[in-house]
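Take a look at the structure set out below.
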Amino acid sequence: MNQRLGHIFLVDDNHDIRFYLSDMLTLLGYTVDAFDNAQAFLDNALDISPAVLLLDMKMPGLNGLDLQARLVAMNRKTPVVFISGESDKDQIIEAFRFGAVDFLLKPFNREKLCATLDKALALDRQRSVEFANVSAIRRSYDTLSNREKEVFMLIAEGKTNTDIAHITGTQPNTAKKHRATIYQKFQVNSTAEVMSMCRQIDLSQLLADD
């Protein structure tokens with residue numbers, strides 16, 4: 001796969017448009033998988049990154065909005081760029097409400113298309129990095145004892161050892177030992193690093209997973 005530009009999933013029921021866009025994007029350095037309907041995409045497309053779904057709005061069977069809704073329900077994060085010859089305002093609003101990156105009306109020029117695809121691919125790369133960071137935090141959090149998890153949450157709030165000892169009913173020296181263990185498991189050296197790390201994740205989700 002071309003890591004420099006990224007992968008395009010093209011879904012459009014018009015054969016001529018699929019052929020033209022696939023050929024053009026491939027020549028420009030993207031990799032492309034083209035599908036003539038939404039169900040074919042759902043049945044065959046791998047969830048890879050960086051990628052973007054270049055999606056026609058009006059198609060027989062599942063239309064573009066239907067496919068977008070399916071992907072949202074599946075929690076699939078591939079960015080979506082809609083293309084359409086004609087769409088009403090409600091469809092455009094609905095597409096953006098469910099997270100579409102952009103909506104291009106046919107005919108569109110190559111420069112506009114590539115700029116939009118590159119923006120969507122950059123977004124997908126950033127999401128992949130964030131997902132990897134969050135996964136690392138979860139793995140480290142899962143190694144903590146119940147008491148260490150409690151202390152971790154207090155450290156994330158910026159609490160001192162004295163504060164933690166008072167809240168947990170222990171001694172400051174005990175809180176200090178818990179802090180040292182937590183730092184070691186998360187491979188950090190300061191409260192500031194813990195707080196910065198925790199800004200990448202909804203801490204309530206960690207509690208819900210316990």
Side-chain angles (χ1 to χ4, degrees), residues 1-136 138 200-202:
M1 179 177 168
N2 189 322
Q3 294 293 330
R4 184 175 67 87
L5 293 182
H7 191 74
I8 311 300
F9 293 111
L10 171 61
V11 181
D12 196 308
D13 64 311
N14 186 303
H15 174 271
D16 292 338
I17 290 177
R18 285 199 316 277
F19 180 83
Y20 170 74
L21 289 178
S22 295
D23 188 55
M24 180 188 73
L25 293 171
T26 299
L27 289 173
L28 289 172
Y30 301 91
T31 53
V32 181
D33 278 329
F35 304 92
D36 62 4
N37 65 81
Q39 192 60 53
F41 169 84
L42 289 171
D43 292 342
N44 297 286
L46 299 176
D47 190 1
I48 59 178
S49 181
V52 57
L53 173 56
L54 187 59
L55 178 59
D56 188 27
M57 175 60 77
K58 294 188 175 182
M59 296 180 291
L62 295 175
N63 65 27
L65 286 177
D66 293 333
L67 177 54
Q68 185 187 32
R70 292 277 189 96
L71 296 178
V72 170
M74 294 164 58
N75 199 33
R76 182 159 173 174
K77 303 296 187 181
T78 304
V80 177
V81 173
F82 277 99
I83 54 177
S84 181
E86 56 178 31
S87 291
D88 59 43
K89 183 173 67 174
D90 290 341
Q91 287 179 319
I92 296 174
I93 292 173
E94 189 78 355
F96 281 115
R97 188 169 74 87
F98 280 101
V101 174
D102 211 334
F103 199 109
L104 303 178
L105 289 174
K106 302 172 184 176
F108 42 79
N109 63 48
R110 185 177 70 179
E111 290 72 22
K112 173 63 175 176
L113 174 62
C114 291
T116 302
L117 293 177
D118 290 343
K119 178 175 70 172
L121 288 166
L123 174 63
D124 200 39
R125 288 187 184 93
Q126 181 60 34
R127 284 178 177 169
S128 294
V129 170
E130 291 173 357
F131 179 80
N133 290 340
V134 168
S135 296
R138 288 183 184 277
Q200 304 172 33
I201 189 171
D202 181 357

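When a residue number appears, it is its place in the shown sequence, counting from 1.
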Spell out, as yes or no, whether a donor-acceptor pair under 3.5 Å connects the side chain of Gln68 to the backbone of Ala95. yes
Inspect the surroundings of [atom1] in [X] and state if more than 12 heavy atoms from other residues, nucleotides or ligands are less than 6.0 Å away.
X: Phe19; atom1: CZ; value: no
X: Arg110; atom1: CZ; value: no
X: Phe131; atom1: CZ; value: no
X: Tyr20; atom1: OH; value: no

For a quick test of reading the model, state the closest non-hydrogen atom pair linking [X] to [Y] and the distance between them.
X: Gly6; Y: Arg125; answer: N-NH2, 4.0 Å
X: Leu71; Y: Leu53; answer: CD1-CD2, 3.5 Å
X: Asp66; Y: Gly61; answer: OD2-O, 4.1 Å
X: Pro79; Y: Val101; answer: CB-CG2, 3.7 Å

Below 4.5 Å, heavy atoms only, C-beta onward: do [X] and [Y] meet side chain to side chain?
X: Met59; Y: Gln39; value: no
X: Leu5; Y: Thr31; value: no
X: Leu62; Y: Leu42; value: yes
X: Leu21; Y: Ile8; value: no

Residues in ring pair (Phe, Tyr, Trp, His ring centres under 6.0 Å) with Phe103, at least two apart?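 Residues passing ring pair (Phe, Tyr, Trp, His ring centres under 6.0 Å) with Phe103: Phe82.
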To the closest 0.5 Å, what do you measure between [atom1] ([X]) and [atom2] ([Y])?
X: Ile17; Y: Asp36; atom1: CD1; atom2: CG; result: 13.0 Å
X: Asn109; Y: Leu104; atom1: CG; atom2: CG; result: 9.5 Å
X: Met57; Y: Asn63; atom1: CE; atom2: CG; result: 7.0 Å
X: Leu65; Y: Ile92; atom1: CG; atom2: CD1; result: 10.0 Å

Kindly indicate, with the supporting measurements, whether the criterion side-chain contact (heavy atoms from CB on, under 4.5 Å) is fulfilled by Phe41 and Leu55. CA-CA 10 Å; Phe41 169 84; Leu55 178 59; over 6 Å; no
Does Glu130 come within less than 4.0 Å of Arg127, counting only side-chain N to carboxylate O?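 Arg127 and Glu130: not salt-bridged.
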For the pair Phe9 and His7, name the ring-plane relationship: parallel under 30°, tilted 30 to 60°, perpendicular over 60°.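 Geometry flag for His7 against Phe9: perpendicular rings.
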Report the C-alpha distance between Leu10 and Leu25 in whole Å, list the side-chain angles of each, state the deciding distance to 0.1 Å, and finish with yes or no for side-chain contact (heavy atoms from CB on, under 4.5 Å). CA-CA 10 Å; Leu10 171 61; Leu25 293 171; 5.7 Å; no
side-chain contact (heavy atoms from CB on, under 4.5 Å) evaluation trace for Asp47 with Met74: CA-CA 11 Å; Asp47 190 1; Met74 294 164 58; over 6 Å; no
Chi angles and distances behind the side-chain contact (heavy atoms from CB on, under 4.5 Å) call for Lys106, Asp12: CA-CA 12 Å; Lys106 302 172 184 176; Asp12 196 308; 3.1 Å; yes
Enumerate, atom names and distances included, each donor-acceptor pair closer than 3.5 Å involving a side-chain atom of residues 115-124, sequence neighbours excluded.
from, atom 1, to, atom 2, distance (Å)
Thr116, OG1, Lys112, O, 2.9
Asp118, OD1, Tyr30, OH, 2.7
Asp124, OD2, Ser49, OG, 2.9
Asp124, OD2, Ala51, N, 2.9

